[in-house]
Amino acid sequence: MTQIDIGPPTKAEGIADRIDLFRLAVHLLGETDWAEPPTVADVTRVAEYLEGV
């Protein structure tokens, strides 16, 4: 099988990956039983955690 080197990710791909992480964080926090909706800071913390995993 031939492997094609497409180079490093572009800035747009990096932004798209970050957006996907935030979408996943919002989805995960939406499934919790918190008394209040999550804040932007909550979503950001979860997205940053997911990025490091």
Side-chain angles (χ1 to χ4, degrees):
M1 178 178 274
T2 304
Q3 184 174 359
I4 300 172
D5 182 19
I6 58 173
T10 64
K11 186 172 183 174
E13 290 171 328
I15 292 170
D17 288 345
R18 227 27 215 163
I19 290 170
D20 288 342
L21 286 174
F22 274 84
R23 285 182 179 160
L24 178 58
V26 168
H27 178 76
L28 291 173
L29 288 170
E31 291 186 356
T32 62
D33 293 331
W34 287 8
E36 298 178 12
T39 64
V40 172
D42 295 330
V43 173
T44 302
R45 279 194 298 274
V46 172
E48 288 173 348
Y49 171 79
L50 293 171
E51 187 174 37
V53 171

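For clarity, every value in this text was computed on a predicted model and none was experimentally measured.
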For E51, the side-chain hydrogen bond (donor to acceptor under 3.5 Å, both in side chains) test, sequence neighbours excluded, returns R18
Sequence neighbours excluded, the answer for side-chain hydrogen bond (donor to acceptor under 3.5 Å, both in side chains) partners of T39 is D42
E13 meets the side chain to side chain contact (heavy atoms under 4.5 Å, CB included) criterion, sequence neighbours left out, with P9, T10
Residues 22-33 side chain polar contacts: donor-acceptor under 3.5 Å, at least two apart:
| from | atom 1 | to | atom 2 | distance (Å) |
| --- | --- | --- | --- | --- |
| H27 | NE2 | E31 | OE2 | 2.8 |
| T32 | OG1 | L29 | O | 2.6 |

Connected to I19, directly or through other members, by ILVMFWY side-chain contacts below 4.5 Å are I15
Side-chain heavy atoms nearer than 4.5 Å, only ILVMFWY residues, links allowed to pass through others: does that put Y49 and W34 together?
yes
